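Step one of this worksheet: look at the structure below.
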Number of protein chains: 2
Amino acid sequence: MTSSERRPVPGGLVWFDEPAPPRATEQLSRERIVNAAVELADDQVTGEITMRALAARLGVRSPMALYRYVGSKDGLVDLMTDQVYGRITVPRGHGWRHALQGLGRTGWDAVQRHPWFARLAFSRPPMGPNALHLYDSALAELAPFGLDATTRMGFVKTVLGHVLGSGLALLEEQTMRARAGFHSDSDLEAAAAPYLERIAAAGKHPHFISWATDPQRLAPEPQSFEQVLEWLLDGLATLLPPEDRSPV
Amino acid sequence: MTSSERRPVPGGLVWFDEPAPPRATEQLSRERIVNAAVELADDQVTGEITMRALAARLGVRSPMALYRYVGSKDGLVDLMTDQVYGRITVPRGHGWRHALQGLGRTGWDAVQRHPWFARLAFSRPPMGPNALHLYDSALAELAPFGLDATTRMGFVKTVLGHVLGSGLALLEEQTMRARAGFHSDSDLEAAAAPYLERIAAAGKHPHFISWATDPQRLAPEPQSFEQVLEWLLDGLATLLPPEDRSPV
DNA sequence: ACCATGAGTGGACAACGTACACAGACTTCT
DNA sequence: AGAAGTCTGTGTACGTTGTCCACTCATGGT
């Protein structure tokens, strides 16, 4: 029984039968914290995390322990955001359209895996190393066409805007479903029914009702992420000199 | 000196020299609260409001006074959102493209006036009467073309997604500027300079640096809201039977 | 003259981010 | 081996947030 097993106790007494001090968890580190934060955000439907919950997940009793590694919650959020930026890649060397297509598709993958990323990316300036690398790669593929800097950045922002906008819509749909505990489409349908009936009874908005009561309304739309991305790329292509517009 | 001027005081004593009870503010009402909330959100750069701040703005001493009219903060937020939806209009009777163009442009107007609207519209399902009317009008203009319900709704969602996505980007840019108190472009430039120099010194990301240091980088982009809207409408048009695609 | 109603008050609570002082273990230098 | 310093996690505490609940007080109907 070493002295390390003795813990002071409010009354001034000492516990001798305490198990060995926890220390079960390995050392904290910025990397371990960010990874846990990402996993925690993935577990929450809303993607919102709490310093206290994160500390608990890391097996640490005090939220303040994290502040030795991250400075502030906003700082941590920046790290999480940049980590996801790191999962987005820009294929190099196959032309601007292929590059932006890859940016869009891998971005969409990342956003589907971590919907909260869309919210965070929209609410803080993207200045982490991974985001920087992403922008730089995309801009590099746009360099050869004699466009001015604003226009080049506009290409990237248009694609990323579509990615993040679609991500936010996805996030909102998921949180809406979870808000009342609906997991299947039929649950959702059942819960929405009374509202729809009242609207239908009012008689205004018949076109909306005809959509809301269409059993096919949850089928995939032709305006999929990929399709809209192609439309945007088509539009962007018109800003390039004709000989540089890649074929579809 | 009427009894109404006597106010109990912790010690059990009474103030006699209090002025007449305030009652300077007129009666609360749901409408007055929502209007004040919209104005308050417009005044804050982030668009975030507080029940306490809202109560103060309405000349009311306790935030709880508002709960007699709104149920919860989320409920109030829904009312604010729907109020802004009411400022978006769909021109009727001039074809689907004109209708969606109008939806996009008035939506963009509304979002520029109330950038916080984009955040709220993305974070709660749009089910207020004004939103309902908006969807119904837009869907009505899409009714004559034999599209299925999912596709019709996809048209509207594509346009609204662009509006709200652009709005969020705008909101983020404004909050970023305000976060450190920058009001002019040169302030922003001065504050960003050290970061950029460190990135430039590192030597990676030359294409990003070449954008960040371009004095023209704040000029309006060719990928403006309206231009992207046109590209999206062009894309949507390809889903229609050829004879129904309006000319630009 | 009474009393029910309804508007606004104010104190309290839980959860949040985070500041601060501290305890115990580990490292380093004698 | 012992002392001194450093590094890591703890505990307490504060201010802000949304919201609950018991309360006061002016008003209007009988």
Side-chain angles (χ1 to χ4, degrees), chain A residues 2-10 12 14-15 18-33 36-37 40-41 44 46-80 123-124, chain B residues 2-10 12 14-15 18-33 36-37 40-41 44 46-80 123-124:
Chain A
T2 75
S3 74
S4 74
E5 294 180 40
R6 305 188 182 169
R7 304 276 294 272
V9 139
V14 164
W15 291 114
E18 281 264 302
R23 182 52 88 196
T25 77
E26 79 183 285
Q27 258 246 84
L28 288 179
S29 71
R30 178 174 277 211
E31 193 190 347
R32 224 161 76 78
I33 291 176
L40 179 58
Q44 316 298 114
T46 68
E48 278 155 14
I49 68 170
T50 278
M51 295 307 271
R52 285 172 166 86
L54 180 55
R57 188 187 186 97
L58 285 159
V60 144
R61 238 184 302 275
S62 161
M64 291 315 289
L66 314 178
Y67 283 84
R68 212 172 280 280
Y69 302 89
V70 296
S72 72
K73 190 188 181 183
D74 281 358
L76 170 59
V77 156
D78 284 345
L79 294 172
M80 295 167 66
S123 64
R124 306 193 52 87
Chain B
T2 75
S3 74
S4 76
E5 295 181 39
R6 304 190 182 168
R7 305 276 292 271
V9 138
V14 164
W15 292 115
E18 282 265 299
R23 180 54 87 195
T25 76
E26 77 183 287
Q27 258 246 87
L28 288 179
S29 71
R30 178 175 277 212
E31 192 189 346
R32 225 160 74 78
I33 291 176
L40 180 58
Q44 316 298 113
T46 68
E48 277 155 14
I49 69 170
T50 277
M51 295 307 270
R52 285 170 167 85
L54 180 55
R57 188 187 186 98
L58 284 160
V60 141
R61 237 184 302 275
S62 160
M64 290 315 289
L66 314 178
Y67 282 85
R68 213 173 280 280
Y69 301 89
V70 295
S72 73
K73 190 188 181 185
D74 280 357
L76 170 59
V77 156
D78 284 344
L79 293 172
M80 296 168 66
S123 63
R124 306 193 50 87

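Keep in mind that the numbers below use all heavy atoms, side chains included, and drop hydrogens, waters and symmetry copies. Naming convention: chains lettered A, B, ... in sequence-line order (proteins, then strands); numbering from 1 in each chain. Nothing here was measured: the structure is a model prediction, and the numbers come from that model.
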Heavy atoms under 4.0 Å, any strand shown: does I49(B) hit a base, just sugar-phosphate, or nothing? sugar-phosphate
State whether [X] places a side-chain N or O below 4.0 Å from either non-bridging phosphate oxygen (OP1 or OP2) of [N].
X      : N       : value
Q27(B) : dG8(C)  : yes
R68(A) : dT8(D)  : no
S62(B) : dG10(C) : no
R61(A) : dT10(D) : yes
Y67(A) : dG9(D)  : no

What are the two closest non-hydrogen atoms of V77(A) and R124(A), and how far apart are they? CG1-CD, 3.7 Å
Applying side-chain contact (heavy atoms from CB on, under 4.5 Å) to M51(A) and Y67(A), what does each step give before you reach the verdict? CA-CA 9 Å; M51(A) 295 307 271; Y67(A) 283 84; 3.6 Å; yes
Rounded distance in Å - [atom1] ([X]) to [atom2] ([N]):
X      : N       : atom1 : atom2 : answer
R30(B) : dA7(C)  : CZ    : C1'   : 16 Å
E48(B) : dG18(D) : CD    : C1'   : 14 Å
L54(B) : dT17(D) : CG    : P     : 13 Å
D74(B) : dT17(D) : CG    : C1'   : 13 Å
R32(A) : dG9(D)  : CZ    : P     : 8 Å
M51(A) : dA13(D) : CE    : C1'   : 17 Å
L76(B) : dG18(D) : CG    : P     : 10 Å
Y69(B) : dA7(C)  : OH    : C1'   : 6 Å

For the side chain of R52(B) and the base of dG18(D), is some donor closer than 3.5 Å to an acceptor across the two? yes
Contact nearer the 5' end of DNA chain D, comparing L66(A) with K73(B): L66(A)
Could you grab the distance from atom CG of L28(B) to atom CG of L66(B), nearest 0.5 Å is fine? 6.5 Å
If you count the non-hydrogen atoms of other residues, nucleotides and ligands that lie under 6.0 Å from CD in E31(A), is the total more than 12? no
Is T50(B) reaching over with its side chain to a backbone N or O of A53(B), donor-acceptor style, under 3.5 angstrom? no
Taking the nucleotide of DNA chain C with the nearest heavy atom to each, does T50(A) or G71(A) sit closer to the 5' end? T50(A)
